[in-house]
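A note on names: the letters A, B, ... follow the listed sequences, proteins ahead of strands, and every chain is numbered from 1.
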Amino acid sequence: MTKKLFLLDAMALIYRAYYALIRNPRLTSKGRNTNAQFGFTNTLFDLINKEKPTHLAVCFDTHAPTERHTDFSDYKANRQDAPEDLLESIPDIQRIIRGFNIPVVELDGYEADDVIGTVAWQAADKGYDVYMVTPDKDYGQLLIHPHVYIYKPPYMGNPEEILTAEKICSKWDIKRVEQVIDMLGLMGDSVDNIPGIAGIGEKTAAKLLKEYDTLENILENADSIKGALGEKIRNGREAAIMSKKLATIITNVPVEFHEEDYRLKEWNKDELVTCFTELEFKTLGKRILGDEFNAFHAAPQSIQTDLFGNTVISKTETPVKKEKNIAEEPTETAGLFAEKNITNTPHQYHLADTTESIQSLVSLLMQQKEICFDTETTGTDANNVSLVGLSFSIAPAEGYYIPCPPDDAATKNILAQFAPLFAKEDITWVGQNLKYDLLVLKWYGIEIKGELFDTMLAHYLIEPEGRRSMDLLSAQYLGYEPVPIEDLIGKKGKNQGNMRDVPIEKIKEYAAEDADITLQLKHAFVPLLQEKELDSVFEKVENPLVRVLTDMEFEGVKIDVDFLSQYSTELEKDAKRCEENVYEQAGVRFNLASPKQLGEVLFEKLKLDPKAKKTKTGQYATGEDVLLKLANQHKIVDDILNFRELTKLKSTYVDALPEMINPKTGRVHTSYAQAVAVTGRLSSNNPNLQNIPIRTERGREIRKAFIPREPGRLLLSADYSQIELRIVAAISGDPNMCEAFRLGKDIHTATAAKVYGIAESEVTKEQRYKAKSVNFGIIYGQGAFGLADNLGISRAEAKEIIENYKKEFPNIQRYMDDKINFAKEHGYVQTLAGRKRWLKDINSSNFTVRGYAERNAINSPIQGTAADMIKLAMISVHQEMKKKSWQSKMILQVHDELVFDAVPEEAEDLKKLIIHCMTTAMPLPNEVPVEAEVGQGQNWLEAH
DNA sequence: ATATTCACG
DNA sequence: ACGTACGTGAATATG
């Protein structure tokens, strides 16, 4: 039998594990992040199980600098500091490795790849098959040695992969694996900050190597290589030589492969048990250590009769959610380290597909106080789908599914049987993302009375930054994995199947389970909302907003297609002219829409500003800020900026919006995401109607295309005045700023007067502009550098302005300090309505990371309070409009603005109502007034 | 799939 | 020495 040696690149695997799980971190009950420990252990165990190595070692990098660092100061320079919880995981991982009785190999002055390379070759010499376990492609060069392979662990849904020399060669399109380092010398490696030759990527590098075989030979023949490529090579000579050296793995480091040390031995189980217990690896611990870790007992079975008189055999003990702790053992389903032994739960899911069975289901449901429901549809755009079925659940592990035929009329007949249920008022309807289901049903003419409880929104408040797919929530809070939707309709993409084509029996299992799980989630979330004191913001803000948004999305907004198509032609013409101007001035034709090509033209061909900013991938930055600074160097910049503006407007708005018109209504229906923005704001998508241009002349035109749904109607637009600054003033209680608002002053002028120590009448336009910039900067936690950059003034001047500002508005400074200190102490900040945002990095020792958290601590309560306020206003406006049965409709929300499609007879009363609701929705402390303005017109631009 | 750019508040 | 103002979504280029 051949001896199999596996050498693990520990840090690479740890990083990957950590980041693969970052969006849904595994946390212990004490809040420790154990992503890396979990991921590493999982990989290691799966590997041992599956590949049955005879010998194994784990290699680490040490902190000592290597020759690569001393020779080349930029080596790995753009690599970020590892997050703290990742670094803290390393001792645990080393303990686990000890528990498995596996040797750790590391050597000061060498990186793990050097150690692995050296040991791999020695072992292969002794007749081993050696597998280097790493995701890093650079190891390909080591495959010169026969019997040395790369073992890529499973990742992103891909299975593990054993890379041979042939596979490496075909992947890189080279002849011999030795050429891997020539490739890296030419193209570089952004991950390690190996520069390579500027402008040469994988394709060009492979082509060159085909012709010249080695990097050295390419450089020798550089003079005979024509055109831009030849020039690039000649210029990149030094960089290429250095890069190749950096990329070369050292295979003669002073380590020796002693076979016996590496042989797999008996585990130190006590150590493993201790460690897994501490890390709260329940399921994984059991998987690895079996009964020794945790006793397992199966539930007894019983025979029951279901609602329709069928005999059902099931486990009596339904595995409802575990005791309590929410974050105790989140189980990843989508990630690479899924604990696969968690399976379906015993359950009783019933099909109701006859008039009789539906009748008996309806009478059962009529007796309930709380019903969870879910719709299955043919797609994801609620405004454009047909109903495939409905599912209900009223108790854990129970569920009902009602299929609906493709025929609309027949589906309406089925739904008609539920009419008394939907009309019942003393029911709480539980669902995940109820807006979707309510909207689908609304298209069938159904309005559901009763209370709502949206589990997605509950989770949004409990964990604003988390992901909220059913799979993840179920795994995390209930401890088991539901049937993934992929099992029914396949993965997302153009070949995704249609729910309509899935066998009913299969949908039944899936749909009923969704309702079942959602109901269980509700019961997990209710105590959490209370514990975290989020019940009020849930009940008063998020949950009631569901109906408002449902109606807004249902209504949509009318778009003037003719106007846009005419405007499109105009933009096209103008853009073309700018584009031609650019090519003429540059002396070359290229793709102006490519930032990369543009950067090369500006900075290499035209030789503008030698010290140009680079992006993190080493390209020239060509963003607007960069271009504006170049404007005085070359006339071409103007045309580029114009081209950018025109093409942006055309592609993102003018051409895209008409495509989004719903054929049923002739209007555009955006979708508001209520559980995405971490601060509590809404976001809008498909299409995004919260970023319609207004700042430039040509952009603003687009607003003329947003019109009332019928001739004779009006658009109203109401917006808050300086709401975020008012909130800062109110929360901080700053006397000067509060006073300015109380007196109804122009806040930026008042600020300028204070900062410059002059009378308000003496404030110049420029001073007001600068003060405005400071006021906004404050909201975001901006420093002197940012202000200077923003205003194009010196850092000294910026610093002086900020210092004056802090002196004149002392409580603003105190507010910022208070928020940061509060966050440091409590781990979160909150809005006036009690919405919380947790800031895990607030005590980080990493300057950058902590700074980001600190700015969030300042900004989130402000942005979030403004979000709370307008949400409350929307709820009350909506409620009043409904009460009065008005025909006018609220149609859009843009963070501090509400837009209405109104009938003229109601317009005046409506305006009063809007202003009243907006200004009284959430009174601010310190008597800071809340003001809102409303305008009207024949389009959105006029209404402003 | 990721990076860059740019539209809004 | 580093990086430097918050929160979004969409289009495009490029890998």
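- Using a 4.0 Å cut-off between charged side-chain N and carboxylate O, A:Arg850 and A:Glu854 make a salt bridge.
- The separation between A:Ile702 atom CD1 and C:dA10 atom P is 15 Å, rounded to whole Å.
- A:Arg855 comes within contact range of the sugar-phosphate backbone alone, with a heavy-atom separation under 4.0 Å but no base atom that close.
- As judged by a 4.0 angstrom heavy-atom cut-off over every strand, A:Asp789 is placed among residues making no nucleic acid contact.
- Looking at the side chain of A:Pro595, the nearest of the listed nucleotides B:dT4, C:dA11, C:dA10 is B:dT4.
- Across all strands shown, A:Thr622 has heavy atoms under 4.0 Å from sugar-phosphate atoms exclusively, and none from any base.
- Here the nucleotide nearest the side chain of A:Gln863, chosen from B:dG9, B:dT5, C:dA13, is B:dG9.
- If you check every strand for non-hydrogen atoms under 4.0 Å, A:Ile779 touches nothing.
- Nearest-nucleotide mapping onto DNA chain C: of A:Tyr653 and A:Ser773, the residue sitting toward the 5' end is A:Ser773.
- Taking the six-membered ring where the residue is Trp, A:His944 and A:Trp940 present parallel rings, their angle staying beneath 30° rather than reaching 60°.
- One interatomic measurement links the two molecules: OH of A:Tyr672 to P of B:dG9, which rounds to 13 Å at whole-angstrom precision.
- Spacing between atom OH of A:Tyr815 and atom P of C:dC6 amounts to 14 Å, rounded to whole angstrom units.
- The side chain of A:Arg644 places no N or O atom within less than 4.0 Å of a non-bridging phosphate oxygen (OP1 or OP2) of B:dT5.
- For C:dG7, the OP1/OP2 oxygens have no side-chain nitrogen or oxygen of A:Thr679 closer than 4.0 Å.
- Among the atoms of the strands shown, none is found under 4.0 Å from any heavy atom of A:Leu649.
- In this structure, the side chains of A:Leu630 and A:Phe603 come closer than 4.5 Å at one or more pairs of heavy atoms.
- A salt bridge does not link A:Glu624 to A:Arg644: none of the charged nitrogens lies less than 4.0 Å from a carboxylate oxygen.
- Distances from the side chain of A:His895 to the nucleotides B:dG9, C:dT12, C:dT14 place B:dG9 closest.
- More than 12 heavy atoms of other shown residues, nucleotides or ligands fall within 6.0 angstrom of atom NZ in A:Lys167.
- Listed candidates were B:dG9, C:dT4, C:dT8. Nearest to the side chain of A:Val676 is C:dT8.
- A:Ala784 comes within contact range of no nucleotide atom at all, as no heavy-atom separation falls under 4.0 Å.
- Nucleic acid contact class of A:Glu724 (heavy atoms, under 4.0 Å, all strands): none.
- Proximity of A:Asn859 to the phosphate of C:dG7: no side-chain N or O atom is located under 4.0 Å from OP1 or OP2.
- Side chain A:Gln690 to base B:dC8: no donor-acceptor pair is found below 3.5 Å.
- What separates NZ of A:Lys648 from P of C:dG9 is a distance of 13 Å, to the nearest Å.
- Of the candidate nucleotides C:dG9, C:dG7, C:dA13, C:dA13 has the atom lying nearest to any side-chain atom of A:Asn591.
- Comparing B:dG9, C:dA10, C:dG9 by their nearest atom to the side chain of A:Thr652 picks out C:dA10.
- Side chain of A:Arg795, nearest nucleotide from B:dT5, C:dT4, C:dA13: C:dT4.
- Among the heavy atoms of the strands lying under 4.0 Å from A:Arg837 are primed sugar atoms or P, OP1, OP2 only; no base atom is included.
- Between A:Glu465 and A:Lys836 there is no salt bridge, since none of the side-chain N atoms of the basic residue sits less than 4.0 Å from a carboxylate O of the acidic one.
- Nucleotide B:dT5 forms a pair with C:dA10, judged by Watson-Crick or G-U wobble geometry with both contacts under 3.5 Å.
- Across all strands shown, A:Thr647 has no heavy atoms under 4.0 Å from either base or sugar-phosphate atoms.
- Note: CD (A:Glu645) to P (C:dA10) measures 21 Å, nearest angstrom.
- Relative to the side chain of A:Ser651, the nucleotides C:dT14, B:dT5, C:dT12 differ in distance, and C:dT12 lies closest.
- With salt bridges taken as basic N to acidic carboxylate O contacts below 4.0 Å, none links A:Glu942 and A:Arg703.
- A:Arg695 has a side-chain polar atom (N or O) that falls below the 4.0 Å cut-off from OP1 or OP2 of B:dG9.
- The side chain of A:Ala677 sits closest to C:dG7 out of C:dG7, B:dT5, B:dG9.
- Across all strands, A:Glu897 comes closer than 4.0 Å to no nucleic acid atom at all (heavy-atom distances).
- One can place CD1 of A:Ile870 at 12 Å from P of B:dG9, the figure rounded to the nearest angstrom.
- Here, B:dT4 and C:dT4 have their P atoms 13 Å apart, quoted to the whole Å.
- Checking B:dA7, B:dC8, C:dT8 against the side-chain heavy atoms of A:Glu624 singles out B:dA7 as nearest.
- To the nearest 0.5 Å, atom CD of residue A:Glu931 and atom CG of residue A:Asp719 are 11.5 Å apart.
- In this structure, A:Met187 atom CE and C:dT14 atom P are separated by 16 Å, rounded to whole Å.
- With rounding to whole Å, A:Ile723 atom CD1 is found 20 Å from C:dG7 atom P.
- Base engagement by A:Asn691 is indicated by at least one non-hydrogen atom pair under 4.0 Å involving a base atom.
- Nucleic acid contact for A:Tyr852: sugar-phosphate only, since backbone atoms but no base atoms lie under 4.0 Å from a heavy atom of the residue.
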